[in-house]
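Numbering of ligands and ligand atoms starts at 1, following listing order. These values consider heavy atoms only, across backbone and side chains, with no hydrogens, waters or symmetry-generated copies.
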Amino acid sequence: MKDSMEKIISLCKRRGFVYPSSEIYGGFAAVYDFGPYGVELKKNIEQAWWKNMVQNHENIVGLDSAIFMSPKVWEASGHVSGFSDPLAECKKCHARSRVDHLLEEVGVFADEKMSEDEINKIFEKNKDKVKCPSCGAKNFTEARNFNLLVKSNLGNFTGDWDKEPTYLRGETCQGIYVNFKNVLDSSRVKVPFGIAQVGKAFRNEITARQFIFRTREFEQMEMQYFVKEKEATKEYNRWKKERWDFYVHNLGINEKKLRWHEHENLVFYAKEAWDIEYEFPFGFKEVEGIHNRSDYDLTQHSKHSGCDLSYTDPKTNEKFIPWVVETSAGLSRSLFVVLCDAYTEEKVGEEERVVLKLKNELAPVKIAVFPLLKNKPELVKIAKEIFDNLKTKWVCEFDDNGNVGKRYRRQDEIGTPYCITVDFDTVEKDDSVTVRDRDSMEQERIKIKDLEKYFEEKL
Ligand code: GAP
């Protein structure tokens, strides 16, 4: 299993999906950059989510709030006092680890949101079993909660900024709550309605393992659905189904590798919380959380800002603070799921091929166009013309490097669904080209003039 993780990481680097940040300086822990194919794949996943959540729902609108917000937002939300991970230090090698993760390794469940006392009781009970992942010793300090918010000096020129820091947002949804009234006043939404956004979030994660699964800078795709209290459970169950279906139908994920996980220890304001988990090479882990957050968020921001965030029903005149059903997915984590799920090794005759069996909609490149030989101007000319025509409709790539077999392997590894080859028959006989299908590897001759129609049907 470890092996398949290494293979995926290696493919990501080799083919330009994901690079370690600042690599020429030795890297920068838990931060990654997305290369030419990674950025296309990420945009396609984001677009699938946006279409599914915003454009396909007439009562969900989009938002793009800033990464920086008033520090008061993070006090009101409870992040300044309570957004933390329980950490313990190995007394032998001084490596720090997340206690909830150490316990999970030995089959003991402890939610990261437990208080220090609660988690230390469980930790103490199991300390004979828990080993340091770095040196194997079984000798830890007590667990202490470390705040995950990342601080900055934005707008503070005192030189003493640490005392009154501004924060890089730890989750995107707070930007939605603080704009609740703006959206209500400036658009025609009525409860029930949703506000969705995609954007960066930052967390001082201590465990920087498992590639892009858990990073310190990442992107979230969050939607907050505002409802009446009595509708919350019904809407919650509806959203659970919609979100599950998104992974299966829109991202093409193998349903057998997905499962539900219910949170046992809820934060005091949450009424229900379930995660969609995917079976990564290192086991089942969270991809998305679906939360019934009650009226906590809008109530907190009403209290702390002094601005009334209640809603008045235009029909009944009933005034209330809406409840929130949240769907919260990681974009970079979804990309990792898509890569793990699409990664396939197959025997082709005596050889082995690696192929990313991505859904057509997600593939970074849809069509690759090859002249059979790069030193034959008559073939290159036609291939270029086909490329120039198709690229106005789909993301295409022109490739004349190496032999055609090698070009197929390269396109298979980046998940390109179709490759077109212009050969001598194209010029001399039939005005047709060979179109090769990524998954079946079957080839068919298609007239150049019919290519556009052919791909309109296929893609
Ligand atoms: N607003 C609710 C919220 O932020 P969360 O469970 O902390 O809930 C939601 O995060 C999703 O964001 C997770 O399911 C995961 O996909 C993604 N996520 C959270 N922390 C992450 C990290 N450090 N790196 C990558 N993705 C992360």
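- Nearest protein heavy-atom contact of atom 17 (C) of ligand 1 is G330 CA, 3.7 Å.
- D117 and K121 are not joined by a salt bridge, as no carboxylate oxygen comes within less than 4.0 angstrom of a charged side-chain nitrogen.
- Side-chain N or O atoms of T215 include one that pairs as donor or acceptor with a backbone N or O of E217 at under 3.5 Å.
- The protein non-hydrogen atom at the shortest distance from atom 13 (C) of ligand 1 is E286 OE2, 3.3 Å.
- With respect to atom 25 (C) of ligand 1, the closest heavy atom belonging to the protein is F213 O, 3.3 Å.
- The closest approach between a heavy atom of C173 and any atom of ligand 1 is below 4.0 Å.
- The nearest protein atom to atom 19 (C) of ligand 1, hydrogens excluded, is given as R203 NH1, 3.5 Å; this is a heavy-atom distance.
- The distance from ligand 1 to the heavy atoms of E222 drops below 4.0 Å at these ligand atoms: 1 (N), 2 (C), 3 (C), 4 (O).
- A salt bridge (charged side-chain N to carboxylate O under 4.0 Å, His left out) check over residues 81-90, counting only residues at least two apart or in different chains, returns the pairs D85-R98, E89-R96.
- Considering backbone and side-chain N/O atoms, S332 never comes within less than 3.5 Å of an N/O atom of ligand 1.
- In summary, of the residues considered (L339, L362, I414), a side-chain contact (heavy atoms from CB on, under 4.5 Å) with L356 occurs for L339 alone.
- Of all atoms in ligand 1, numbered sequentially from 1 with element shown, those under 4.0 Å from a heavy atom of E288 are 14 (O).
- Between the side chain of K366 and the main chain of N360, a donor-acceptor pair closer than 3.5 Å is present.
- Salt-bridge formation is detected for the pair R293/E326: a Lys NZ or Arg NE/NH1/NH2 atom is positioned less than 4.0 Å from an Asp or Glu carboxylate oxygen.
- Within the 4.0 Å heavy-atom criterion, both parts of R214, backbone and side chain, lie near ligand 1.
- Inclusion of R216 in the set of residues having an N or O under 3.5 Å from an N or O of ligand 1 is not warranted.
- The shell of residues lying under 4.0 angstrom from ligand 1, judged by heavy atoms, excludes E217.
- The backbone N or O of A48 lies less than 3.5 Å from no partner atom in the side chain of N52, so there is not a single donor-acceptor pair.
- Nearest non-hydrogen protein atom to atom 24 (N) of ligand 1 is T215 N, 3.0 Å.
- In terms of modelled atom types and a separation under 3.5 Å, the side chain of D313 and the main chain of K315 share a donor-acceptor contact.
- Within the 3.5 Å criterion, the main-chain N or O of F284 finds no donor-acceptor partner in the side chain of E279.
- Considering backbone and side-chain atoms alike, F218 places every N or O at 3.5 Å or more from each N or O of ligand 1.
- For ligand 1, the polar-atom distance check finds no N/O of H291 at less than 3.5 Å from any of the ligand's N/O atoms.
- For ligand 1 and R293, the ligand atoms under 4.0 Å from any heavy atom of the residue are 1 (N), 2 (C).
- What sits closest to atom 11 (C) of ligand 1 on the protein, heavy atoms only, is S328 O, 3.6 Å.
- Applying the 4.0 Å criterion to heavy atoms of E326 picks out, from ligand 1, the atoms 1 (N), 2 (C).
- The N/O atoms of V287, backbone and side chain alike, include one that comes under 3.5 Å of an N/O atom in ligand 1.
- Atom 12 (O) of ligand 1 has Q220 NE2, 3.2 Å as its closest protein atom, hydrogens excluded (heavy atom only).
- Using bins of under 30°, 30° to 60° and over 60° for the plane-to-plane angle, the ring pair Y296/Y269 lands in the parallel bin.
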Report, one line per pair, each donor and acceptor closer than 3.5 Å where one atom sits in a side chain of residues 183-194; sequence neighbours left out.
residue	atom	partner	partner atom	Å
D185	OD2	K181	NZ	2.9
S186	OG	N182	O	2.6
S187	OG	V183	O	2.6

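- Taking a cutoff of 4.0 Å between a charged side-chain nitrogen and a carboxylate oxygen, D399 and R410 qualify as a salt bridge.
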